[in-house]
Amino acid sequence: MRPKRDMLSEKIVETLRNAQIEIPESHEIEFIKEEKFGDYASNVLFLLSRKLKKNPQEIGKEVLEKIKDDSDYEKIEIGGNGFLNFTFSFDFLRKELKKVLEKDYFFFDIGKKRKVNLEYISANPTGPLSVVQARAGAYGNALANLLRFVNYDVFTEYYINDCGTQVDLLEKSLIYRIKELKGIKSEFPKGGYPGEYLIGIAQEILEKNLPEDKWRSFLLERIISWQKEVLNKFGINFDNFIYESSIIQYQKKILEILEKGNLVYEKEGALFFKSSLFGDREDRVLITKDKRPTYFLNDLAYHYDKIKRGFEIIINIWGPDHHGYIPRMVAGMKSLGFDTNNFLVILAQQVSLEREGEKVKMSKRGGEFITLEEVLEEVGSDPLKFFLLLRKPSQHLTFDIELIKKATKENPYFYVQYSYARICSIERYGKEKGYDLDKLLEDVNLEYLKTKEERSLMLTILKFKDIIIQAVKEFAPHILVYYLLELAEKFHYFYEKERVILEDLELMKARVFLVFCCRKIIKKILEILGITPLEKM
RNA sequence: GCGCCUGUAGCUCAGUUGGAGAGAGCAUCGGAUUUCUAAUCCGACGGUCGGGGGUUCGAAUCCCUCCAGGCGCGCCA
């Protein structure tokens, strides 16, 4: 038996199906923004009208005939332009609301326990994390939670490029600093990292009198643990940190597989992969003419490792500067025999920073650099997460440091938290008055919920499951954030008009039930977003 | 030059698989509290959806073109 998912959209589809109405493939149920038109709308009339070459209004009349009277709806109407509009009956909403506090209300099974590897941030170990990486972090973390919530088996991973040119440059920059401290003049390496953090590490090395062959590993260890510490402060945890140096053992294997498929050739002393056969604009180098493996070869080795570990879905979140890199990776995955429908790359667009209207450059090798650590200290991890998650990842994002430092009124984070705190406050007040609320709710009669504020809040609460489905489908946690704002708005609106704790015991029970449903949803979404709800403000 | 992303209210952004008078927050202005937190609520102001053309019964959404910004086009990572 298919588990019931209790989505309002599903209810409508069921209604149409029961009435023997043909439902075309691209049928959609959407929320209606304008309350006066109804709650949910179906585009079925447009679709049928195109197919049957008939006016939507005419088809609508026939459809309404077939549906006849269904007491779960207050009304079903044909909109002016041809939408089929459904307004649920208050009784139906009451019946549905009753389910929200049940234990298994949050049961979803979209993922069916499929194994997902989600890799994100994966910053080079060459310096502090920036707010740019914080965006990918907040997004990746929320996406992982969201996918877990709908029953995917998600494994999060952070890839550390501890080999290669950038790390060499970092080491050279360190050596420059050590010499500097010793009073030896030397030239700063071209393209090196001028950040002051290297001076501290250089000092430590001198104090500990470490031998030169230990410098590099000490340096990497310092920076990586520093990055981990900041991630920890930000409230983002990974199931695994994986080192490039640990996967280079698969280089040979990759070359073997590609050779077997006749997908490599030598040219001008370098070894090329025929990625252009798979839609890439040109073939790509695997081994350079001076016989060094490229980053790409190691990346293939890393993904070979992911496949070998049995992941069915592989998701990478990359910065926008990597978009040109996607075709060759897709080509590689195909060559390794992985179904590329299950290989997803999500680009998190850049974050540009302003300080009082002036652009701030964000480059480790450049001058000014705003670290995640600095922003966390000023703003706090939860408001920052909320702010970053408010935008869809494909959107370029700018914010003013001074503005986010203020981060009080401007941040809708507090609007949502306040609604949660108010509900907790209601509970405390009720207990103070001597009511055992949990006990009282065992026998609640929702007939007492009658006002339009109550109805509006109920409907918004019940949209939750449809919102989750939509957010999963689009990999878009920001949809949850916007929903959360709507839910908080509906709650505040209700709260202004109606009291919850009052003399009329039956009415109080019904309203407590309502706000507890609301709280349960807010809490769950905040949990998905990686944000801790505040019981007091 | 080619490719990708972006351009929506003064600011930051939703809406972009075509659909209802184009939305929210902030800012500005006006109003609301003997009662569970006023970090709230109500109202007003504010738009050539970058410009132009096209497809359509219907376009912010699709197509073409132009303009502006960002990013990429390494045998770097």
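Only this structure's heavy atoms are used, side chains among them; waters, hydrogens and symmetry mates stay out. A quick note: this is a predicted structure, and the numbers were derived from the prediction, not measured. Numbered from 1 within each chain, the chains take letters A, B, ... in sequence-line order.
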Which value, in whole Å, describes the distance between the [atom1] atoms of nucleotides [N] and [M]?
N     : M     : atom1 : result
B:U56 : B:G10 : C1'   : 35 Å
B:A59 : B:G54 : C1'   : 11 Å
B:C64 : B:G47 : P     : 32 Å
B:U6  : B:C63 : P     : 13 Å

Would you mind classifying the nucleic acid contact of [X] as base, sugar-phosphate or nothing, using non-hydrogen atoms under 4.0 angstrom?
X        : answer
A:Glu268 : base
A:Arg284 : nothing
A:Lys431 : nothing
A:Tyr482 : sugar-phosphate
A:His322 : base

Quiz item: Rounded to whole angstrom units, what separation is found between the CZ atom of A:Phe414 and the C1' atom of B:A38?
Solution: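 Roughly 16 Å, once rounded to whole Å.
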
Rounded to the nearest Å, what distance is computed from the CD atom of residue A:Glu486 to the P atom of nucleotide B:G15?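 Distance check: A:Glu486 CD to B:G15 P gives 14 Å.
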
- [ ] Please confirm whether the backbone N or O of A:Ala331 pairs with a side-chain atom of A:Ser275, one donor and one acceptor, at under 3.5 Å?
- [x]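 No.
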
Quiz item: Heavy atom of residues 510-522 of chain A under 4.0 Å from RNA chain B: which residues?
Solution: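 Those residues whose heavy atoms fall under 4.0 Å from RNA chain B, taken from residues 510-522 of chain A, amount to none.
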
Measure from the side chain of [X], starting at C-beta and using heavy atoms only, and say which of [options] lies closest.
X        : options             : result
A:Arg391 : B:A14, B:A38, B:A39 : B:A14
A:Lys289 : B:C75, B:A77, B:A39 : B:C75
A:Ile501 : B:C75, B:C36, B:C76 : B:C36
A:Thr165 : B:A77, B:G15, B:C75 : B:A77

inquiry  = Using a strict threshold of under 4.0 Å (side-chain N to carboxylate O), is an ion pair present between A:Glu454 and A:Lys450?
reply    =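 Result for this pair is no, no salt bridge flagged.
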
Close N/O contacts between protein and nucleotides 17-22 of chain B (under 3.5 Å):
from	atom 1	to	atom 2	distance (Å)
B:U17	N3	A:Glu28	OE2	3.3
B:G19	O2'	A:Asn81	ND2	2.2
B:A20	O4'	A:Asn81	ND2	3.4
B:A20	N6	A:Asn85	OD1	2.7
B:A20	N1	A:Asn85	OD1	3.3
B:A20	N1	A:Asn85	ND2	2.6
B:G21	O6	A:Glu34	OE1	3.0
B:G21	O6	A:Lys36	NZ	2.8

Going by the angle between their ring planes, with limits at 30° and 60°, are [X] and [Y] parallel, tilted or perpendicular?
X        : Y        : answer
A:Tyr73  : A:Phe86  : tilted
A:Phe343 : A:Trp318 : perpendicular
A:Tyr483 : A:Phe464 : tilted

**Message:** Stem finding on RNA chain B, please: runs of three or more consecutive Watson-Crick or G-U wobble pairs, both distances under 3.5 Å, sorted by first number.
**Reply:**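 When the pairs of RNA chain B are grouped into runs of at least three, the stems are B:1-7 with B:67-73, B:10-13 with B:23-26, B:28-32 with B:40-44, B:50-54 with B:62-66.
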
Could I get a table of every N or O pair under 3.5 Å where one atom is in the protein and the other is in nucleotides 2-5 of chain B?
from	atom 1	to	atom 2	distance (Å)
B:G3	N2	A:His323	NE2	2.9
B:C5	O2'	A:Gln349	NE2	3.3
B:C5	O2'	A:Ser394	O	3.3
B:C5	O2'	A:His396	NE2	3.2
B:C5	O2	A:His396	NE2	3.1

If the condition is side-chain hydrogen bond (donor to acceptor under 3.5 Å, both in side chains), which residues does A:Glu22 pass it with, not counting sequence neighbours?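 Here the qualifying residues are A:Lys51.
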
Dump every N/O contact between nucleotides 31-35 of chain B and the protein below 3.5 Å, one line per pair.
from	atom 1	to	atom 2	distance (Å)
B:U35	O2'	A:Arg499	NH1	2.6
B:U35	O2'	A:Arg499	NH2	3.2

